[in-house]
Enquirer: 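If you scroll down you'll find the structure; I have some questions about it.
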Protein chains: 2
Amino acid sequence: MSKIKVSIKDIAQKAGVSTALVSYVLNGKEKESRVGQEIALKIKQIAAELNYQPSHLAKSLRSGKTHTIGLIIADISNPFFANIARVVEDEAKRNGYTVIIGSSDENADKSRDLLDVLINRQVDGFIIVSSENSEQQIHNLKDKNIPFVLLDRYFPEIPTDFVSTDHYKASYDAGTHLVRNGYKRIGMIAYDSHLFHMQERIRGYRDSLRDNKIDFQNSWLKPVKINTIENGVKASIDEMLASDQPVDAILFATYSLSVSGLKHINHLRLRVPEDLGIVSFGQAEVFELYYCPITYLKQPIVLLGQTAVELLVKKLTSNLNEPAQILMKAELIERASSKAKYSVLT
Amino acid sequence: MSKIKVSIKDIAQKAGVSTALVSYVLNGKEKESRVGQEIALKIKQIAAELNYQPSHLAKSLRSGKTHTIGLIIADISNPFFANIARVVEDEAKRNGYTVIIGSSDENADKSRDLLDVLINRQVDGFIIVSSENSEQQIHNLKDKNIPFVLLDRYFPEIPTDFVSTDHYKASYDAGTHLVRNGYKRIGMIAYDSHLFHMQERIRGYRDSLRDNKIDFQNSWLKPVKINTIENGVKASIDEMLASDQPVDAILFATYSLSVSGLKHINHLRLRVPEDLGIVSFGQAEVFELYYCPITYLKQPIVLLGQTAVELLVKKLTSNLNEPAQILMKAELIERASSKAKYSVLT
DNA sequence: TATTTTTGCTTAAACGATTAAGCAAGTTTT
DNA sequence: AAAACTTGCTTAATCGTTTAAGCAAAAATA
């Protein structure tokens, strides 16, 4: 069997030259480095013959660049993030980068661990979907001068590059849509989180009610703890329906919340949209296959992912960096679950 | 601001010793290498003080081990594989390994590219969910003595380590279950693929009919090209229903097929299970939220992933390797979509 | 013809770690 | 007091690349 690993040294030996020449030729620097035509050809042939594969490790050690991006997402089991991951991976590859994915599971400690592991794997930079209470980590990255771009979630009080959906606008649109379609008592189930994107979604919802002259009731807004979604959602729905102003529509702030919610709604034998109108953030096959297709806010996943990679790569390759803060629009996909309750004037 | 990157050299300098001593101390070899107590303490303090993080790159270059596993899966957008990926990642981390994930998108060329990229990123070994026509790649890995474990799919004619579900048995059970519940004309929609696991699923289906004295009809088995699922499934269902022996139940060989199938079944306004019984491979929220919860074959995802990692790590750390070929059982989760058609004797 | 320039190559240091080998002291054994 | 260990450290090679600097021979210029 052939040698375990063929290095530049093997080629040099076989060609009867120094390793330097081989390196020059194999990196296309024959002209600048004044390598003879014949010997250049010979080196190339031998390299091909031995099926030489350069060691990424050695290259990286020398250059200080690994051509690797660390992608830290909040939850890989959420299809939204899984898709983001895929887009990022593809786009990175197109730019010559490999991606190492880590899921923080919405947990700041895990996120910190991931960052540490990836930093001393020498990733060139990060794309991060932040989890709650991870502000300090972002500050650390800035202090250490490690390039990164925040994705989907960002901290308004920390000046960083980010690419995100306009969560406020999305939520506002969803609320307005429900009002226009005749729903009068619109509830929202959200994560009990200080994360800005969640606060924005809530703010958008409340403003949409206010601007449409609907009196917001405290019992309509239910924050659910992220680690007890299933039960939290159940209880929230029960309460929303039991109040003296029972809701006739619910806006779910995330995909996971709506999945739990729809299960419970089925269980209660409520009909959508007759008994309860539904709009949800996120997108998934579930929403198409549910007996009543679900109206949802479609985030521009591909564009989000691509732009994040593009931004990061720009930061990595050029050193001028005008900070970029990009907000994108979500699209409201109208389905049966938020159908107009009765003919409404427009 | 502090130095960009602190190396063993910086510590040595500050402590007034050679780099060798630092290395010994930081690797806990103080005893074997007879390092003085005082200086050892001093070195540790300085390392902590400077927040020294060893360069994984340099370590790997020296040792030839990267402590990285390459995970190549057939399709990251399929929740089954996404979950597998998550399990593998967690289990690997528990063993001190990092995972680099790549999706081959069921394409042999892409799979080959991924292997190449990861090989010269020097991953220590692979866990692979093979795509069609990638046998040669498996042979190459064997020739190059690169450790790997096949996951979920394997090639019976190539002796390799693998961890897989017993696809034959799963399919056989599903078929038998439908027969027992009174379905008489059971169709199957599968991928048009030579992959062994798919052939096994088909064989299990056919054997279950045979053993239950049901005359298999050629029109009941529909292979669908993997890159035209949506239309392929539509056509298949239409044909199955139009034949003179129209099916009264369908077994879907994969999650993606059933999602497409259910959409079309909705569109045809067929009722499940009254008009059509359904059993599917794979598992997902879809199956719970569909108006009629879907009976499915639940593969032991966690155990599959963990075992694969365990096996690979064993191959990487010890050099004795009795080949391991592990088959696990899928569990049939019975839901309403394959309800007994009428009271049946058991 | 003497000098400069160009051409085609080699040498060697560097990236950051590990580790076998070696070398002075100090300590123990005879 | 000579021989033999021990102790506590340093030196230097190595992993696979890149690249600045240097050097001799050939070619161009004076």
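Residue numbers begin at 1 in each chain, while the letters A, B, ... track the order of the sequences. As the structure is a prediction and not an experimental result, all values here were calculated from the model. Computed over heavy atoms, backbone and side chain alike; hydrogens, waters and symmetry mates excluded.
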Enquirer: Return each pair, listed once, that meets side-chain hydrogen bond (donor to acceptor under 3.5 Å, both in side chains) where at least one residue sits in residues 303-312 of chain A; pairs must be two or more places apart or across chains.
Expert: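 Output for this query is empty, none listed.
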Enquirer: Both B:Ala20 and A:Gly36 contact DNA chain C. Which one's nearest nucleotide lies toward the 5' end?
Expert: A:Gly36
Enquirer: Write down the distance between CG (B:Leu26) and P (C:dT18), rounded to a whole number of angstrom.
Expert: 8 Å
Enquirer: Closest approach to the side chain of B:Ile39, judged atom by atom: which nucleotide of C:dA17, D:dT17, D:dC9 is it?
Expert: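 For B:Ile39, the side-chain atoms sit closest to D:dC9.
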Enquirer: Could you please spell out the steps behind the side chain to side chain donor-acceptor pair (under 3.5 Å) verdict for A:Arg121 and A:Thr68?
Expert: CA-CA 9 Å; A:Arg121 291 243 165 196; A:Thr68 303; over 6 Å; no
Enquirer: A:Lys29 side chain N/O closer than 4.0 Å to the phosphate oxygens (OP1, OP2) of D:dT19?
Expert: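 Yes, such a contact exists.
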Enquirer: How close or far is atom C1' of D:dC9 from atom CD of B:Glu38, stated in whole angstroms?
Expert: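 That distance rounds to 14 Å.
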Enquirer: For A:Glu106, what residues pass the side-chain hydrogen bond (donor to acceptor under 3.5 Å, both in side chains) criterion, not counting sequence neighbours?
Expert: A:Arg153
Enquirer: Over its full length, what angle do the end axes of the helix from C:dT1-D:dA30 to C:dT30-D:dA1 make, each axis taken from five pairs and the result rounded to 10 degrees?
Expert: 60°
Enquirer: Excluding sequence neighbours, so at least two apart, what forms salt bridge (Lys or Arg N to Asp or Glu O under 4.0 Å) with B:Arg62?
Expert: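 With sequence neighbours excluded, B:Arg62 shows a salt bridge (Lys or Arg N to Asp or Glu O under 4.0 Å) to no residue whatsoever.
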Enquirer: Which whole-number value in Å describes the distance from B:Leu21 CG to C:dA20 P?
Expert: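 Interatomic distance, CG of B:Leu21 to P of C:dA20: 15 Å.
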Enquirer: Show me the protein contacts with nucleotides 4-6 of chain C, counting only N or O atoms at under 3.5 Å.
Expert:
none

Enquirer: Flag the pair B:Phe126 / B:Phe148 as yes when their ring centroid distance falls below 6.0 Å, and as no otherwise.
Expert: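 No: the rings miss the under 6.0 Å criterion.
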Enquirer: Please list, pair by pair, any protein nitrogen or oxygen found under 3.5 Å from a nitrogen or oxygen in nucleotides 13-15 of chain D.
Expert:
residue: D:dT14; atom: O2; partner: B:Arg62; partner atom: NE; Å: 2.6
residue: D:dT14; atom: O2; partner: B:Arg62; partner atom: NH2; Å: 3.4

Enquirer: If you measure only the distance, is there a donor-acceptor pair under 3.5 Å linking the side chains of B:Ser103 and A:Glu89?
Expert: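 Absent: no donor and acceptor within the cut-off.
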Enquirer: What's the closest nucleotide to the B:Ser18 side chain, out of C:dT10, D:dT17, D:dT11?
Expert: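 When the side chain of B:Ser18 is considered, D:dT11 is the closest of C:dT10, D:dT17, D:dT11.
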Enquirer: Apply salt bridge (Lys or Arg N to Asp or Glu O under 4.0 Å) to A:Lys93 and list each qualifying residue two or more places apart in sequence or on a separate chain.
Expert: none
Enquirer: Considering just the side-chain nitrogens and oxygens of B:Lys59, establish if one lies under 4.0 Å of OP1 or OP2 belonging to C:dT18.
Expert: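 Yes, because at least one side-chain N or O of B:Lys59 sits under 4.0 Å from OP1 or OP2 of C:dT18.
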Enquirer: Please name the pair of heavy atoms, one in B:Ile72 and one in B:Ser104, separated by the smallest distance, quoted to 0.1 Å.
Expert: CG2-CB, 4.3 Å
Enquirer: With a non-hydrogen cut-off below 4.0 angstrom, is A:Leu57 in contact with a base, only sugar-phosphate, or nothing?
Expert: nothing
Enquirer: When the distance from CG of A:Asn27 to C1' of D:dT17 is rounded to whole Å, what number comes out?
Expert: 9 Å
Enquirer: Near DNA chain D, under 4.0 Å by heavy atom, which residues of residues 112-121 of chain B?
Expert: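 Going residue by residue through residues 112-121 of chain B, none turns out to have a heavy atom under 4.0 Å of DNA chain D.
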Enquirer: Tell me, which pairs form a side-chain hydrogen bond (donor to acceptor under 3.5 Å, both in side chains) where one or both residues lie in residues 29-42 of chain A, sequence neighbours left out?
Expert: A:Glu30-A:Lys44
Enquirer: Across the strands shown, which category fits B:Gln37 at heavy-atom distances under 4.0 angstrom: base, sugar-phosphate, nothing?
Expert: nothing
Enquirer: To the nearest angstrom, how far is B:Lys31 atom NZ from D:dT7 atom P?
Expert: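 Rounded to whole Å, this separation is 12 Å.
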Enquirer: What's the shortest heavy-atom distance between A:Thr66 and A:Gln122, and which atoms?
Expert: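 Scanning both residues, the minimum pair turns out to be OG1-O, 2.6 Å.
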Enquirer: Going by ring-ring contact (aromatic ring centres under 6.0 Å, His included), name the residues that satisfy it together with A:Tyr97, two or more places apart in sequence or in a different chain.
Expert: A:His67
Enquirer: Going through the checks in order, is the side-chain contact (heavy atoms from CB on, under 4.5 Å) test met by B:Asp161 and B:Tyr154?
Expert: CA-CA 9 Å; B:Asp161 291 12; B:Tyr154 61 97; over 6 Å; no
Enquirer: In whole angstrom, give the distance that lies between atom CD1 of A:Ile11 and atom C1' of D:dT17.
Expert: 12 Å
Enquirer: Pairs in or reaching into residues 64-85 of chain B: which pass salt bridge (Lys or Arg N to Asp or Glu O under 4.0 Å), with residues at least two apart or in two chains?
Expert: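 As it turns out, the salt bridge (Lys or Arg N to Asp or Glu O under 4.0 Å) pairs with a partner in residues 64-85 of chain B, which skip direct neighbours, are A:Arg86-B:Asp75.
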Enquirer: Can you list the residues that meet the ring-ring contact (aromatic ring centres under 6.0 Å, His included) rule with A:Phe155, with sequence neighbours excluded?
Expert: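 Scan of A:Phe155 (ring-ring contact (aromatic ring centres under 6.0 Å, His included), adjacent residues dropped) gives none.
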Enquirer: Which residue lies toward the 5' end of DNA chain D, A:Tyr24 or A:Ile8, if each is placed at its nearest nucleotide?
Expert: A:Ile8
Enquirer: In Å and rounded to the nearest 0.5 Å, what is the CD1 to CG distance from B:Ile101 to B:Leu118?
Expert: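 It is 11.0 Å, given to the nearest 0.5 Å.
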Enquirer: Considering only side-chain heavy atoms of A:Ser23, which listed nucleotide, C:dT10, D:dA12, D:dT18, is closest?
Expert: D:dT18
Enquirer: Please report the distance, rounded to the nearest Å, between CD1 in A:Ile43 and P in C:dG8.
Expert: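 Result: 13 Å.
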Enquirer: Take the protein atom CD of B:Gln122 and the nucleotide atom C1' of C:dA17, then report the distance between them rounded to whole Å.
Expert: 16 Å
